[in-house]
Protein chains: 2
Amino acid sequence: MRSAPLPGTLSALPTTARRAGTRAGGRARWGSIAEALRRALASGTLQPGQLLPSTRDLAATYGVHRQTVMVALDSLCAEGWLRAEARRGYRVLPPDPALPATERRRRPSFRFRPARAASVAPPALDGVRFPLHAATPDPRLLPRAELRAAYAHVLARDPGPLDHDDVWGNAALERELRGYLQRVRGLSVERILLTNGSQEAIALVARVLLAPGDAVAVEDPGYAPAWQAFRAAGAEVVPVPVDDRGLRVDELAALLRRRRVRLVYVTPNHQYPTTVTLAAPRRRALLDCTLAAGVPILEDDYDHEYHFRGVPQPALAAREQAPHVLYVASLSKLVAPGVRVGMLCGPLDILEAMAQERRASVRAGDAVTQAALADWIADGGFERHVRRAKRVYAERREAALATLARASQRVPLRVAAPDGGLAIWCEWPAHSVLDLARRALARGVAVLPGPLAALEAPSQGLRLAYGRVTPRVFAEGVAILVAEARRS
Amino acid sequence: MRSAPLPGTLSALPTTARRAGTRAGGRARWGSIAEALRRALASGTLQPGQLLPSTRDLAATYGVHRQTVMVALDSLCAEGWLRAEARRGYRVLPPDPALPATERRRRPSFRFRPARAASVAPPALDGVRFPLHAATPDPRLLPRAELRAAYAHVLARDPGPLDHDDVWGNAALERELRGYLQRVRGLSVERILLTNGSQEAIALVARVLLAPGDAVAVEDPGYAPAWQAFRAAGAEVVPVPVDDRGLRVDELAALLRRRRVRLVYVTPNHQYPTTVTLAAPRRRALLDCTLAAGVPILEDDYDHEYHFRGVPQPALAAREQAPHVLYVASLSKLVAPGVRVGMLCGPLDILEAMAQERRASVRAGDAVTQAALADWIADGGFERHVRRAKRVYAERREAALATLARASQRVPLRVAAPDGGLAIWCEWPAHSVLDLARRALARGVAVLPGPLAALEAPSQGLRLAYGRVTPRVFAEGVAILVAEARRS
């Protein structure tokens, strides 16, 4: 095959190369030579099989060093345009038999069509000065020096956690949390699957246990993010009412007799959003009627320790006769929202199935944070912090109840003093608490209006979270709510 | 209602209480009184509506301070057994109308039945001394002091990242990564959805774009964890062959004409597992035939920068005429396996749908690590590290190729010298590379055998990862492989 004359495109090159060369020296110059050759190759000016002029000739043509030309040509070899042949030079690759005939685009524009969207974004909370909407812990209470030391400690290990992406999570953290659940919650578990907060745990349970069309019984009002996870798995969410002793177990039992339910999701310790504790006699009945029907329970015990009257009741999963209970807990609800460590407990074989689902969907959580938390728990820092934080929350709870007692002299509030949880549920006389919440938001006060957490339950309730704000901020927020409620 | 006489259970109590009292003082003593009363309540010895004896009488009966009795009784109130009545004392709650009639357990035993299991666990790798199986970066190369400083810095902020669980991920990190993609990969994106590594990004795309029964075209051999994510969404994975210039685009085009395909998943920069770079002419053809068919592409550009010949070609997503390309990248493949930060890029409306899916399935990743990485990137540490690591990998690659050249004098190896990626694909003369891999594993050498990454493609290939081991460890591992191959 003969050596190619410089095609038209190539003759025009030196100008381009010189102009580009003023930008950034060698790299820009070889880059612009490569680009011009690339265009000649793509347009067919340089033909398959054709041998290029010698690098010496090309260098002279472009007015650059021969080395610069060779860098450009080697780059085009790497891209699959040329190949280098010993003692001959660079040749344009023969036509690729694996290239399809050129197709005309029938569809010059393109639109993605999602098969589904699983949830609805919450309202934006920019400009909120009184964040009473989230019953989350207050990260300002955290012992930052302890946490810094724990992170520094694990980052000093070589290679340490940075080399790990275990599906089950950090083994040391898993061990520490097993000890914690045993010591503090009286719950013996064989193993914990660590997840990205409780949300991932709930979603894994949903995807592994549920098939499209399955029914899941949930508390109403209840935890809407869990409903989203069940619905994302194609399941239907069926409401069971809640009263001042928690889930109406009689209604659940009737539902289980009436139709095939595949899962019961409950928050017995501090019902979300009302914070009511499920009464002890109902717990036994709940376990009995679900076991009799062969329906598993998913127990979400998200902030067990933040209980202020007596000791928290043992988890359902801690009972005998609870072989059908899966248990989920979370450090994001005990420590800080940014600490995305959830725990999923249950029989080993079903946890294995969840781990396989996790391998395909997330693979692993953050290795550094998990290792640092393991150190912090082992050193006793975590339990110290939870005890200390609980004292602060107990004070904030008293102050919040006093604030609401004063407020109820101005508007006829009904306040349910909670035994636990970081929020207080109260009923407002406003025509619509949704409207009240919207007007409060406009004045910088964010709250959770009951209807956003309800399926069928009528609700005049607002949930006011006191855990993450000072008593003064809480009182100022409530004052604005009261003013708005009186205006309506 | 009359005051109850002490039932039989109660008369028997003092012994129990005293015995328990020796354990841990006050707490244990009130706890055991509460437990005895609880049993009396559960068994019906104490009847609904019944008034309990006075706390003074109970204290005398149990031989404890009155305060101890009151703690026990208050705890039982909290559990939903009793209520306190002003000036009367404690009364057993009346029967709960929401309790169902007691049900006999038809099913004393219970078994969880998973609706599906999504993936298969890889073999255990305990005792592996020569880890040539994972083409991941070497975390020993990381500048630990810089990382420690970044973590310490963000943990000093109050409340800082610990207060965040944003679905989209840390905003500062997102901004830094957008800048990085623009600067280093020439890719302009409006927004990045941050995920837990590339696996979550792929799984989100699968769950949002695919419906059960949909077909996804994938490279064969290819990246099995992506197949698992597609299958978990109910999709069918359809193989398209790969040759020494990458994906056979002609075969893909024929497939698109033959049947309805909903997604094409490709690794064009360094094909997984062969590390072949998709030739430039095929890239244009790939974009054309998919756009003509209206089928979106998911481009996985997992370790773009680790390219050692010329500069990496621009991503498909960086081209004009690529409105149908979603782009996924990952820091776990650039920095360390334990850094679980993936990136998903695409048109804003489809990213919104992915974010909603994420809200229901994972909610957020680790806030502390994300904030620390944002600082590290902003300070230039990340890019410095990638440049430095790339030089080390380039040396290890040369050494690995030299090792394999020597090895090929003892067994007839075919080595494909890669332009990039942290692994080398080579074909072994063994009857079965699966068997060879198994025997090597027994001697402490882990490799990826081709058949584990193949759907239909016949494969004598082994992928040998050189990035995370020293040249000496690589050479020792290869020596064991050669010895085993010669024995077969």
Side-chain angles (χ1 to χ4, degrees), chain A residues 75 78-80 98-100 103 105-107 110 112 114-115 117-119 139-140 148 151-152 155 159 161-165 196 199-200 203 208 211 228-229 232 248 250 253 279-280 285 289 291-292 294 309-310 323-324 336-338 340 350 353 356-357 359-363 366-367 369 419, chain B residues 75 78-80 98-100 103 105-107 110 112 114-115 117-119 139-140 148 151-152 155 159 161-165 196 199-200 203 208 211 228-229 232 245 248 250 253 279-280 285 291-292 294 309-310 323-324 336-338 340 350 353 356-357 359-363 366-367 369 419:
Chain A
S75 169
E79 290 174 23
L99 273 186
E103 303 192 40
R105 269 160 239 150
R106 285 193 302 271
R107 222 187 263 270
F110 179 90
F112 283 94
S119 69
R140 287 169 198 81
R148 265 205 308 280
Y151 274 96
L155 284 167
L162 289 161
D163 205 20
H164 285 277
D165 58 352
N196 278 260
Q199 191 65 33
E200 194 202 343
V208 170
Q228 295 175 345
R248 289 283 303 257
D250 57 334
C289 76
L291 195 54
R309 191 175 172 213
H324 61 316
R340 299 296 299 159
I350 194 76
Q356 296 315 324
E357 174 69 27
R359 188 187 305 282
S361 60
V362 163
R363 186 173 177 101
D366 189 76
T369 287
D419 292 340
Chain B
S75 168
E79 291 175 21
L99 272 186
E103 302 192 41
R105 270 159 238 148
R106 285 193 301 272
R107 225 186 262 269
F110 178 89
F112 283 94
S119 68
R140 288 170 197 80
R148 265 205 307 280
Y151 274 96
L155 283 168
L162 288 162
D163 204 21
H164 286 276
D165 58 352
N196 278 258
Q199 190 66 33
E200 194 200 344
V208 170
Q228 294 176 346
R245 298 188 210 173
R248 288 283 303 258
D250 57 335
L291 194 55
R309 190 174 173 214
H324 61 316
R340 299 295 301 160
I350 193 75
Q356 296 315 324
E357 174 69 27
R359 187 185 306 283
S361 60
V362 162
R363 187 175 177 102
D366 189 76
T369 287
D419 292 341

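Order of the sequence lines sets the chain letters (A, B, ...), proteins ahead of strands, with each chain counted from 1. Note: hydrogens, waters and symmetry copies are ignored here, and every other heavy atom, side chains too, is used.
- For a residue to count as touching a neighbouring chain, one of its non-hydrogen atoms must lie under 4.5 Å from one of that chain's; by this rule A:H164 touches chain B with the backbone only.
- Only the side chain of B:I350 has a heavy atom closer than 4.5 Å to any heavy atom of chain A.
- For B:A98, the side chain to side chain contact (heavy atoms under 4.5 Å, CB included) criterion is met by A:D243, A:R248, A:D250, A:R282, B:D96, not counting sequence neighbours.
- Side-chain contact between A:R363 and B:R340 is present, with at least one heavy-atom pair separated by less than 4.5 Å.
- Under a 3.5 Å cut-off, the side chain of A:R148 and the backbone N or O of B:R148 do not form any donor-acceptor pair.
- For chain A, the nearby part of B:R245 is the side chain; its heavy atoms alone come within less than 4.5 Å.
- Nearest heavy-atom pair across B:A78 and A:D419 is O-OD2, 3.6 Å.
- The most heavy-atom pairs under 4.5 Å with chain B, out of A:H324, A:E200, A:E79, come from A:E79.
- A donor-acceptor pair is defined here as one N or O able to donate and one able to accept, closer than 3.5 Å; such a pair exists between the side chain of B:Q199 and the backbone of A:A360.
- Listed options B:A152, B:P159, B:P161 were ranked by heavy-atom pairs under 4.5 angstrom with chain A; first place goes to B:P159.
- Options A:P337, A:G80, A:A336, A:G310 differ in how many heavy-atom pairs under 4.5 Å they form with chain B, and the most are formed by A:P337.
- For the atom pair A:D165 CG and B:N196 CG, the distance stands at 11.5 Å (nearest 0.5 Å).
- Ranked by non-hydrogen atom pairs under 4.5 Å with chain A, the options B:A211, B:A279, B:G338 are led by B:G338.
- In this structure, the separation between CG on B:D163 and CZ on A:R140 is 6.0 Å, given to the nearest 0.5 Å.
- Note on B:A367, B:A280, B:A203, B:S75: by heavy-atom pairs under 4.5 Å with chain A, the leading option is B:A280.
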